[in-house]
Amino acid sequence: MIKAGAIDKGTFLLIKEDPYVVVEREFVNPGKGAAFVRLKLKNLRTGQVLRPSMKTQDNVEEIQVTDKSCQYLYNDGESLHFMDTDTFEQFEVPVASFEDKVLFMKDGQSYKVVVWENEPLDIKLPLKEIYVITEAEEAIKGDTVTGATKTVTVETGLTVKVPIFIKQGEKILVNTETREYVERVNT
Amino acid sequence: MPLPLLEEIQSQGKPVTRELMEKRARLFEETRGFFKNQGYLEVDTPLLAPYLIPESSIEIFKTDLLSPYRKNKELYLIPSPEIWMKRLLVQGSGNIFQITKSFRNWEQTGRLHENEFTLLEWYTLEADYKFSMEITEDYLSATAFLSDNPDMFKKPFLRLSMQEAFLENTGLDLEKLQDREHLFEKARELDLNPQNEDTWETLFHRIFVSLVEPRLPQDKPLFLYDYPTQAPCLAKKIPGTPWVERWELYIHGVELANCFTEETDREALREYFSREGLAKEKAEVKHSLDPLFPELFPKGFPKTSGVALGFDRLLMLLTDTPSLGGVIFFPLSDIVES
């Protein structure tokens with residue numbers, strides 16, 4: 001058990017027997033009242049979002065999780081398939097719970113999977129990742145406005161806004177949290 | 001010893017820009033000009049006090065006045081200038097205002113909370129909380145030019161009573177839910193996880209924070225008025241009702257100001273002191289209580305209304321800055337965390 005006031009972004013909680021991760025946390029002190037914390041939680045089984053408020057003195061059940069290194073094998077449309085790189089054991093997780101992550105994930109790549117009592121709860125993405133552009137329109141001739149952007153698609157199906165000089169087949173670095181283009185990668 | 005490089009100084013926390021310095025300066029000027037024109041006298045009062053007004057929801061910063069010959073004396077950083085300004089009122093100051101630093105300990109810092117912050121506080125004689133709404137509207141309208149969205153800060157503001165706010169957002173008739181057991185039941189039905197040790201006040205705040213405050217209208221500033229008597233404060237009770245003459249001003253969902261028609265009745269003040277003083281015994285930092293405060297106001301003292309307004313929060317809202325740290329020079333949260 002931890003006090004709600006000790007909860008941070010990224011804390012894992014058990015609420016009504018479902019595991020949740022804390023996505024946002026903000027303290028609120030209603031005038032002349034006790035301190036509260038307003039949370040945005042994501043159910044790691046269903047993806048459902050909860051926005052509870054708790055008194056900072058309330059007790060909440062925290063769960064202890066571990067990170068496992070796993071190779072992402074493929075997506076069959078319903079499940080994401082992984083292999084534990086220590087035990088070579090294969091397992092799958094429902095796509096529905098990781099819809100916000102799947103577009104960033106590359107087949108064959110290693111990821112840290114957050115596991116709680118043998119149940120994979122979350123996938124940790126690197127903050128920045130390199131992707132190959134698979135679809136990009138040619139820049140419109142004469143469009144020389146500084147800061148002009150276009151939308152391209154990368155090998156995972158993710159779409160990103162990039163400067164107009166970026167071409168199909170080139171590699172770009174993308175921030176996986178903000179979904180923003182960082183820079184072109186020359187390799 | 002070599003002098004520290006400018007870059008080294010700038011790397012400690014966010015650098016303070018000239019633009020921000022100018023914005024703060026302009027808000028100071030505008031505030032002083034406004035209140036002076038309205039006939040208020042500017043005052044300045046101590047930050048250190050040997051005793052305070054008890055407020056169980058606030059934790060205090062404590063320090064020691066050292067003496068080589070006598071016992072050290074505990075002093076406290078003021079959580080607001082109220083204790084001094086009310087003394088000035090009874091000594092014949094007339095209408096007064098002050099912009100001062102205030103301190104609150106323990107408060108988890110973040111987007112809307114800093115341990116050290118700037119408070120604008122003003123008192124109007126022969127006035128009640130309704131009058132204070134009008135002067136607050138006029139003051140904010142006068143600061144609107146500092147915003148890229150000036151219409152947002154121009155009067156008239158919205159007005160909504162706590163009773164209406166509860167009815168609209170939760171369906172609860174708060175006026176009829178004055179006993180703890182009934183409110184506890186409602187909080188449970190609303191799936192708010194009330195705790196057995198919750199008082200009526202805690203249950204009220206649970207429902208308010210979870211379901212009412214996030215749904216308050218945000219298209220114009222809003223006066224939320226008539227707070228429950230069961231949330232103790234120094235506001236005058238409205239006879240025959242469970243409400244006190246108090247409002248809070250919300251802008252974009254941010255609590256910006258708090259106002260009372262001040263309680264000046266001795267019996268009521270003594271009762272507040274003994275109840276909050278008792279609750280204060282559970283605080284992390286205990287402090288001495290002002291022995292004179294409950295006896296401060298002579299019989300027949302004119303009706304008085306006071307407003308405390310978060311000066312940094314106002315600047316944050318006017319300049320559309322996402323957090324308090326963005327409008328304060330060297331915010332403590334930055335220094336402590338780095």
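Lettering of chains follows the sequences in order, A, B, ..., and the numbering in each one begins at 1.
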Look at atom CD of B:Glu197 and say whether more than 12 heavy atoms of other residues, nucleotides or ligands are closer to it than 6.0 Å. yes
B:Lys186 atom NZ: more than 12 heavy-atom contacts under 6.0 Å: no
Just how far is it from atom NE2 of B:His113 to atom CZ of A:Phe27, taken to the nearest 0.5 Å? 9.0 Å
Neighbour count >12 (heavy atoms, 6.0 Å) for atom CD, A:Glu177: no
Considering only NZ, NE, NH1 and NH2 on the basic side and carboxylate oxygens on the acidic side, decide whether B:Glu213 and A:Arg38 come within less than 4.0 Å. yes
So does A:Lys112 have more than 12 non-hydrogen atoms from other groups sitting under 6.0 Å from NZ? no
For chain A, find which of B:Glu248, B:Arg206, B:Glu201, B:Arg111 contributes the most heavy-atom pairs closer than 4.5 angstrom. B:Arg206
What is the distance from atom NZ of A:Lys55 to atom CG of B:Asn193, rounded to the nearest 0.5 Å? 12.5 Å
List the steps and the verdict of side chain to side chain contact (heavy atoms under 4.5 Å, CB included) for B:Glu255 and A:Asn29. CA-CA 9 Å; B:Glu255 190 190 311; A:Asn29 270 55; over 6 Å; no
NZ of A:Lys9: more than 12 outside heavy atoms within 6.0 angstrom? no
Name the option with the most non-hydrogen atom pairs under 4.5 Å to chain B; the candidates are A:Gln57, A:Met54, A:Glu26. A:Glu26
Please name the pair of heavy atoms, one in B:Ser210 and one in A:Ser53, separated by the smallest distance, quoted to 0.1 Å. OG-CB, 3.5 Å
Locate the shortest heavy-atom distance separating B:Thr202 from A:Phe36; write the atom from each residue and the value. O-CZ, 4.3 Å
Can you see which heavy atom on B:His205 is nearest to which on A:Gly33, and at what distance? CE1-CA, 3.4 Å
Please classify the contact between A:Pro30 and chain B as side chain, backbone, both or neither, with a heavy-atom cut-off of under 4.5 Å. both
Counting only heavy atoms closer than 4.5 Å, note whether A:Asp58 contacts chain B via side chain, backbone, both or neither. side chain
Should we say atom NZ of A:Lys3 is surrounded by more than 12 heavy atoms from elsewhere, each under 6.0 Å from it? yes
Name the region of A:Arg51, side chain, backbone, both or neither, that has any atom closer than 4.5 Å to a heavy atom of chain B. neither
Tell me whether A:Lys161 at atom NZ has more than 12 heavy atoms from other residues, nucleotides or ligands lying less than 6.0 Å away. no
